[in-house]
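Here is the structure we will look at, set down as structure tokens.
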Amino acid sequence: MTLGKERALFMSNPSPADQVDLEVYRHSTAHILAQAVKRLFPDVKLAIGPAIENGFYYDFEKATPFTPEDLDKIEKEMKKIIGEDLPIVREEVSKEEAVRLFQDQGEKYKLELLEDIPDDVVSLYRQGEFVDLCRGPHLPSTGRVKAFKLLNVAGAYWRGDEKREMLQRIYGTAFPRESELEAYLKTLEEAARRDHRKLGKELDLFSLHEEAGAGLVYWHPKGATVRRIIEDFWRSEHIKRGYDIVYSPHIARRDLWEISGHWGWYRENMYSPIDIDGVEYLLKPMNCPFHILMYKSRTRSYRDLPIRWAELGTVYRYERSGVLHGLQRVRGFTQDDAHLFVRPDQLEDEIVGVIDLMQFMMKSFGYTDYLIELSVRDPRNKEKYAGSDEVWDLAESALVRALERVGLTYTRMEGEAKFYGPAIDVKVRDAIGRAWQGPTIQVDFNLPERFDLEYTGEDNAPHRPVMIHRTVLGSMERFFAGLIEHYAGAFPVWLAPVQVRILPIAERHINKAKEIQNDLTVAGLRVEIDLRNEKIGYKVRDAELQRIPYMLVIGDKEIENDEVSVRCRRRGDLGRMKPDEVKERILAEVASKSV
RNA sequence: GCCGACAUAGCUCAAUGGCAGAGCAGCGCAUUCGUAAUGCGCAGGUUAUGGGUUCAAGUCCCAUUGUCGGCUCCA
């Protein structure tokens, strides 16, 4: 089981030395896999087999697909090879010699790899009858591998190119100790337990409908409640920070997308035009051109800048059918988008402002751990970028200074910038250590140019503003998926779709229960009442399974003393309290947005 | 889109090519109960959709749609 890319990274914080060792260890395990496959299926052709984030894989060309039974057999054979404790021997041979060797074996993929190696001497690794072209290094012998498991089979293109052969990839994982392997498999189980698709169904948060189209999300009342809370919070935090909230249409004439360039370079993600009175309209895949039109609706003074416009903008993008995934990868989604139109001299302060907002929002949703990547130009290849050299230098240094000002450590990604500007990407780590795509801040020199954006400067001359595209949550859909998994469905009280469920013990307690429900509802809490004719144990169990943070039990004792019994999700019975006391306690917890 | 697997009741899953079933949820009745499942009963299905093979198809074949694991891509 390998997880989607957005959340693939299980971070165990290994020391650099351990990491290297683990990589070697897994790479050697991949060779053992290949050896086992060759023993069982001699006709199979070998492609490549590296170590990856949480294990390893090996790609094979085989006429018929591997079955789960094959995987079992391969695992057994691998154990045998480990038992044989074959020495793994490095050999250096001339390229010609290697070509001859792999020609004899009919390993056409290895030959193709050899063609791309410029060196005259290449290294081979040999273990028993098996030999592979490989840079190494490797473990000294196959017996060093202690704990591994094959996980699944999947299709993969040779060299990731969809025009090339489709190979079969076997994924596996390996650890130096059995206990570590078990812990990793437990983590996979935990991830499955938290899967937002499963919880979305169980907690009645959202649905998708085959008959209505793939990748289109239906937010049920409970999911919609969480979204509404997030959106309200989002809006008020933006307004506090000097943003204005805007709205824009969902379609626009094709001409607009030609000016913006999307029709040129983003067309494969856009839906076919809609004909309206003989004019072609396109569903928006992005909000930026709309905000630009608003900018251009009048002349702008240097005094007007920075302009910060935010929109929860619903966009539609074509995604290939094979990539759709729950709420994480959909065809229609709402971005928490904003565009800042700034003077070059304002860039740094504005970036700091965005980083500050982003840190505040992440913390509010319980994410405290993140990795930051700064994507900059490829200094050796400056001509492929939009915007002048000076303005790039200015923007990159503004981003660097902003990051330094807020004291964040980051990784500089040389050459990773888009052609239109440098960017900051944030990956947040969730409760079980997986990294998700978080906020992104993208500087753009291209669209202001294309749309000929201007402001009048102090010098009464026209100047070009710089645009910043940024999102802090990404999209409501993907962010919600992440939140569900981060909290395993047990949202903090301020976000919980149902904050309190009242559990009367017997019918005679119903009136009192309703009274309390009404009181709490009027106070602004989201309260349900369980009137079913069931025992208290049943009602408690159901409320726990629904991850409801507070359960208030009402029976004879409570009515007698004008109290309620308070049970807290996963913490159990807190004892009896006055209704007002509970109310204040929960309201305070909501107000503090405690996570 | 491509490779592979899969699609049976609201959910989780059974059913050699031979009468479509269970548990949970739902509804009814009994019970009125003290912190993670009370008992009995009832109802629930064009087996994803459309074709085909067969005396007979949930089961075999083809196509479509969707889902799952990947490739690729991305908010």
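Letters A, B, ... are given to chains in the order of the sequence lines, protein chains preceding strands, and every chain is numbered from 1.
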Parallel, tilted or perpendicular: which describes the rings of [X] and [Y], with under 30° parallel and over 60° perpendicular?
X        : Y        : result
A:Phe66  : A:Phe60  : perpendicular
A:Phe491 : A:Phe480 : parallel
A:Tyr316 : A:His250 : tilted

Tell me which nucleotide, if any, is Watson-Crick or G-U wobble paired with [N] when both distances must be under 3.5 Å.
N     : value
B:U16 : none
B:A56 : none
B:G69 : B:C3
B:G45 : none
B:G28 : B:C40
B:C74 : none

Determine the Euclidean distance between corresponding [atom1] atoms of [M] and [N]; express it in Å to zero decimal places.
N     : M     : atom1 : value
B:G50 : B:U65 : C1'   : 10 Å
B:C11 : B:C68 : P     : 14 Å
B:A7  : B:A75 : C1'   : 29 Å
B:G41 : B:U54 : C1'   : 41 Å
B:G45 : B:C13 : C1'   : 15 Å
B:C71 : B:A56 : C1'   : 43 Å
B:C62 : B:C3  : P     : 14 Å
B:C42 : B:C24 : P     : 14 Å

Please determine if A:Arg241 forms a cation-pi arrangement with A:Phe360, meaning its NZ or CZ atom is less than 6.0 Å from the six-membered ring centre and no more than 45° off the ring axis.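 Geometry flag: set, cation within 6.0 Å and 45°.
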Under 4.0 angstrom, heavy atoms only, what part of the nucleic acid is [X] near: base, sugar-phosphate, or nothing?
X        : value
A:Arg508 : sugar-phosphate
A:Gly322 : base
A:Gly160 : sugar-phosphate
A:Glu165 : nothing
A:Lys557 : base
A:Leu324 : sugar-phosphate
A:Val315 : nothing
A:Gly474 : sugar-phosphate
A:Gln168 : nothing
A:Arg532 : sugar-phosphate
A:Arg169 : sugar-phosphate
A:Ser565 : base
A:Asp161 : nothing
A:Ser321 : base

Distance check needed: [N] [atom2] versus [X] [atom1], whole Å only.
X        : N     : atom1 : atom2 : value
A:Glu211 : B:U67 : CD    : P     : 11 Å
A:Ile536 : B:C33 : CD1   : P     : 12 Å
A:Lys201 : B:G66 : NZ    : C1'   : 12 Å
A:Asp542 : B:A36 : CG    : P     : 13 Å
A:Lys163 : B:C3  : NZ    : C1'   : 17 Å
A:Arg541 : B:A25 : CZ    : C1'   : 12 Å
A:Glu507 : B:C29 : CD    : P     : 11 Å
A:Trp158 : B:C2  : CH2   : C1'   : 18 Å

Checking side chain to side chain donor-acceptor pair (under 3.5 Å) against A:His469, which of A:Gln442, A:His339, A:His291 comes through?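 When side chain to side chain donor-acceptor pair (under 3.5 Å) is applied between A:His469 and each of A:Gln442, A:His339, A:His291, only A:His339 qualifies.
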Which residue lies toward the 5' end of RNA chain B, A:Tyr157 or A:Leu208, if each is placed at its nearest nucleotide?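 Per heavy-atom nearest nucleotide, the more 5' residue is A:Tyr157.
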On RNA chain B, nearest-nucleotide positions of A:Gly572 versus A:Leu473: which is more 5'?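 Counting from the 5' end, the first nearest nucleotide belongs to A:Gly572.
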Verify the ring-centre separation between A:Trp436 and A:Phe479: is it less than 6.0 angstrom?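 No; A:Trp436 has its ring centre 6.0 Å or more from that of A:Phe479.
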Aromatic contact, A:His262 with A:Trp257 (centres under 6.0 Å):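 They qualify: ring centres under 6.0 Å apart.
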Just to confirm, is there a sub-4.0 Å distance from OP1 or OP2 of [N] to any side-chain nitrogen or oxygen of [X]?
X        : N     : answer
A:Tyr538 : B:G34 : no
A:Arg164 : B:C2  : no
A:His325 : B:C74 : no

Please determine if A:Arg227 and A:Glu477 form a salt bridge, counting it only when a charged side-chain N lies under 4.0 Å from a carboxylate O.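 So A:Arg227 pairs with A:Glu477 through a salt bridge.
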Using a strict cut-off of less than 4.0 Å between a Lys/Arg side-chain nitrogen and an Asp/Glu carboxylate oxygen, indicate whether A:Lys512 and A:Glu558 qualify as a salt bridge.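 Not counted as a salt bridge, because no side-chain N and carboxylate O are separated by less than 4.0 Å.
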Donor-acceptor pair present, [X] side chain and [N] base, under 3.5 Å:
X        : N     : value
A:Tyr318 : B:G1  : no
A:Arg478 : B:C74 : yes
A:Glu319 : B:A75 : yes

Heavy atoms from C-beta onward define the side chain here; which of [options] lies closest to that of [X]?
X        : options             : value
A:Val323 : B:C2, B:G1, B:C33   : B:G1
A:Asp556 : B:G34, B:U72, B:C68 : B:G34
A:Tyr171 : B:G34, B:C71, B:U72 : B:C71
A:Arg320 : B:G1, B:G69, B:G34  : B:G1
A:Glu544 : B:A36, B:G66, B:G69 : B:A36

Should A:Phe333 be counted as stacked on B:A75, where stacking needs a ring-centre gap under 5.5 Å and an angle between planes under 30 degrees?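 A:Phe333 ring centre within cut-off of B:A75 base, planes near parallel; stacks.
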Using side chain to side chain donor-acceptor pair (under 3.5 Å), reason through A:Asp336 and A:Thr471 one step at a time and then give a plain yes or no. CA-CA 6 Å; A:Asp336 73 305; A:Thr471 162; 2.5 Å; yes
